[in-house]
Each structure stands twice: as structure tokens, then as C-alpha cells.
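See structure below.
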Amino acid sequence: MRFLIFILFSLLVQHGIAQEKWIPLDLQSRIALAQKSQNHVILAEYFLGKPYVANALSAENPEKLYLSLEDFDCVTFIENVMSLYQSKGQDSLYKKNLIHWRYTQPKDIRFETRNHYFSAAMEQLMKDKWIVPIPTHEGIQIKKSFTFLSQFYRNKNKNISIIALEQVEKNLASAPFSYIPSAKVNMVLSNLKEGDIVTFVSKRNGLDVQHTGFLTFRKSNWYLLHASQELKKVCVSDKNLVEYMKSHPSFLGIQVFRPNFIK
């Protein structure tokens, strides 16, 4: 009987009748709880302890949509938590949201249409009003070249259009890049809210940010809930935000974005 059910389900999937399933029941319950509390950090905490895995996405074309709730890097952790929260527990909506967070053209998934630069994703999501930047008087503007990606792949002999990557970088470099310098982070702490997305700006001119995570308020201070490359898992940082910045001299400062759940 089980064998017949398996065969029937396989045929339904092949013909697009059976819906793909990614969200288990306990995670659906966590999504509902997070939405009731209007706090997606409750959802993010579901993944504490899950392993950090780098380079899980396609290294060239053909681009394959990577869907996993079992491993993350810092960016895919943000993408998945936000896509799940906005999905209301529906698998199809979760997939649709994830594509929207990760790609510039949902119906044209290629290596070149992926938001390799987190700044590109944030810019796209701000236009769609899915997130809003947190403006402060302490913020400054600089110009970044955004050349890291094209230079990295230029001599890799991959099935990738370097010209297309360079055009993306040119578009990003044409606008000023705003951030809060490390020395002034302690001056903006009162403006932060639970669940804000924080990015850590790189000192490298060709790169926008080196890391990202959610802010969470614990022990009377702000900490980072993130997929940590250093600890190889999803966790809450041992150091508070200011101390975390001090322990990473390669960070130039931070950007802060607030999810907008009106949409």
C-alpha cells in the first residue's frame, strides 16, 4: 500500500498536481506564533543550532533554486526567515517570497539575476516597501566601486556573463552608499528595534557588506541573531553589538533596515 501511495504521489508531482512541501507542522506553528506576536525573531529562534553552510547556491549557470531549512549562511538565513514569516505557513508563498528576496527577475532565474550583493537585495526590497532603512543623523555617505564579484569570476572559466555582473556593479556604484560608522554605533542604539536587519559594512571598496543578521534585545543590550561563519551555526552572539563591532576590525560600520509588514 505504501509503495502504491509513493508511486501515486510521484506521478502527481511530475504532472504538477501535488504541491511541494517544505514547511513542517511545528514550523507552521512557530510562524503563526511569530505573526501573532508581530515578532519574526520568535521565528528566527526556531533555527538556533542549525549548521552554517557556505556556497550552497549555484556556482554558475544553470542556476538552481536552493531551498533548505536545514542549513544557512548569513544571507540565506535572513532570506528564509523573512520569506517564511511573510508566507503565513503556505509553501507556495514561501517559495515565491524567497525568489523575490534572492532574485531581481522572479521569472528569469539565472546566476546573473541573483542578488549577490546584499545591497542590491535591500535596494530592491526598499522599492517594493518590504523593508525601510533606519535613517540617523550619524550616517555618512561614501562611494563604493562594487567590483568584487566580477573580478572574482573573471578568470574562473564559469558559465557566467561577466558583462552582466559588471552592469549590476555599475548600477550599484552610481549611487552613494550610506552607513553608520563603527565609532558612532553606540549613538544609535536607542533607534533600534527587535528584529531589525543589520549589515556590517566592509572596509574593502569593491565589496558592500561582509555579514548580516537580526538584532535582538537581551541582557539589557543589543545582540546579533545570525548564521555565524565563525561558530558554524545559527546562534546569538556572545558579544553585544558594539563589542561585536570592535572584535571585527574589517567592519567599517553598519546599516540597519526594518521589515515592513504592512505589505
Side-chain angles (χ1 to χ4, degrees), residues 12-23 27-28 31 34-35 40 43-44 47 53-133 146 149-150 153 158-175 195 197 199 208-209 212 214 227 255 257-263:
L12 291 173
V13 170
Q14 289 176 15
H15 290 84
I17 300 173
Q19 184 178 357
E20 296 174 285
K21 292 291 184 182
W22 296 288
I23 309 174
L27 180 52
Q28 289 179 18
I31 293 170
Q35 290 181 326
H40 53 282
L43 173 56
F47 300 103
V53 174
N55 305 317
L57 278 61
S58 302
E60 61 180 320
N61 289 309
E63 175 87 359
K64 295 181 180 179
L65 179 64
Y66 185 75
L67 285 157
S68 173
L69 297 175
E70 295 300 322
D71 51 64
F72 308 94
D73 62 25
C74 66
V75 171
T76 59
F77 179 59
I78 298 290
E79 293 174 342
N80 276 280
V81 169
M82 298 312 305
S83 297
L84 286 166
Y85 186 93
Q86 293 170 289
S87 76
K88 301 179 181 179
Q90 300 174 30
D91 291 279
S92 59
L93 194 52
Y94 157 61
K95 180 179 178 180
K96 180 181 178 180
N97 291 339
L98 186 64
I99 290 172
H100 187 78
W101 273 78
R102 189 174 293 171
Y103 297 95
T104 60
Q105 301 176 40
K107 295 183 179 180
D108 183 22
I109 295 178
R110 292 178 287 113
F111 185 91
E112 296 83 2
T113 63
R114 193 198 313 165
N115 288 318
H116 298 276
Y117 290 100
F118 200 58
S119 296
M122 296 295 97
E123 182 178 298
Q124 173 180 310
L125 294 163
M126 282 189 288
K127 289 179 180 178
D128 295 335
K129 298 182 180 180
W130 283 26
I131 61 170
V132 293
F146 290 94
L149 192 66
S150 59
Y153 281 103
K158 298 283 189 178
N159 184 21
I160 296 169
S161 171
I162 300 299
I163 294 175
L165 297 183
E166 288 176 331
Q167 185 58 53
V168 170
E169 293 171 335
K170 181 179 179 181
N171 293 340
L172 288 171
S174 66
I197 299 170
T199 72
D208 54 349
V209 300
T212 186
F214 293 110
Q255 298 171 308
F257 303 93
R258 187 160 296 160
N260 180 10
F261 298 123
I262 297 175
K263 186 172 178 63

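Worth knowing before you read on, the calculation uses all heavy atoms, side chains too, and leaves out hydrogens, waters and symmetry mates. Note that the numbering runs from 1 along the sequence shown for the chain.
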Over all atoms of both residues, closest heavy-atom pair of Ser87 and Ile23:
OG-CD1, 4.0 Å
So, taking the atom named CG in Leu98 and the one named OG in Ser83, what distance separates them when rounded to the nearest 0.5 Å?
4.5 Å
Could you check whether any side-chain heavy atom of Thr76 comes within less than 4.5 Å of a side-chain heavy atom of Leu57, counting everything from C-beta outward?
yes
Should Phe111 and His116 count as side-chain neighbours, where that means a heavy-atom distance under 4.5 Å?
yes
Using a 4.5 Å cut-off on heavy atoms from C-beta on, say whether the side chain of Asp128 contacts that of His100.
yes
Do Glu123 and Asn115 pair up side chain to side chain, a donor and an acceptor below 3.5 Å, judged on atom types alone?
no
Ala56 and Val53 have their tightest heavy-atom pair at CB-CG1, 4.3 Å
Taking only residues two or more places apart in sequence or in another chain, which ones pass salt bridge (Lys or Arg N to Asp or Glu O under 4.0 Å) with Glu169?
none
Applying side chain to side chain contact (heavy atoms under 4.5 Å, CB included), can you list everything that pairs with Ser58, at least two apart in sequence or on another chain?
Glu63, Lys64, Arg114
How long is the span from the CD atom in Gln255 to the OG1 atom in Thr199, to the nearest 0.5 Å?
3.5 Å
Who pairs with Val168 by side chain to side chain contact (heavy atoms under 4.5 Å, CB included), at least two apart in sequence or on another chain?
Leu172
Atom CZ in Phe77, atom CZ in Phe47: separation rounded to 0.5 Å?
7.0 Å
Under the side chain to side chain contact (heavy atoms under 4.5 Å, CB included) test, which residues partner Lys158, sequence neighbours left out?
Ala59, Glu60, Tyr153, Lys156, Ile160
Would you name the heavy atoms of Gly195 and Pro259 that are closest together and state the gap between them?
O-CD, 3.8 Å
Is the number of heavy atoms from other residues, nucleotides or ligands under 6.0 Å of Asn55 CG greater than 12?
no
Do you know which two heavy atoms are closest between Pro62 and Asn159, and how far apart they sit?
N-ND2, 4.5 Å
Would you say the side chain of Ile197 lies within less than 4.5 Å of the side chain of Phe214, judging by non-hydrogen atoms?
yes
Taking side chain as C-beta onward, heavy atoms only, is Leu84 less than 4.5 Å from Asn97?
no
From Lys96 atom NZ to Gln86 atom CD, the distance as rounded to the nearest 0.5 Å
11.0 Å
With sequence neighbours excluded, give me every salt bridge (charged side-chain N to carboxylate O under 4.0 Å, His left out) pair touching residues 65-76.
Lys50-Glu70
Any non-hydrogen side-chain atom of Cys74 less than 4.5 Å from a side-chain atom of Phe118?
no
Pairing residues for Lys95 by the side chain to side chain contact (heavy atoms under 4.5 Å, CB included) criterion, not counting sequence neighbours:
Glu20, Trp22, Leu65, Leu67, Ile99
Heavy atoms of Thr113 and Gln105 approach each other most closely as CG2-NE2, 3.9 Å
Working note: Trp101 + Ile78, criterion side chain to side chain contact (heavy atoms under 4.5 Å, CB included); need CA distance, chi angles, decisive distance, verdict.
CA-CA 9 Å; Trp101 273 78; Ile78 298 290; 4.0 Å; yes
Any side-chain heavy atom of Leu27 sitting closer than 4.5 Å to one from Tyr94?
no
Between CD of Gln167 and CD of Glu112, what distance do you get to the nearest 0.5 Å?
13.0 Å
Atom CZ of Phe257 and atom CD1 of Ile131: how far apart are they, to the nearest 0.5 Å?
5.5 Å
With the side chain counted from C-beta on, respond yes when Arg102 and Asn80 share a heavy-atom pair under 4.5 Å apart, and no when they do not.
yes
Donor-acceptor pair, side chain of Asn260 and main chain of Lys129, under 3.5 angstrom:
yes
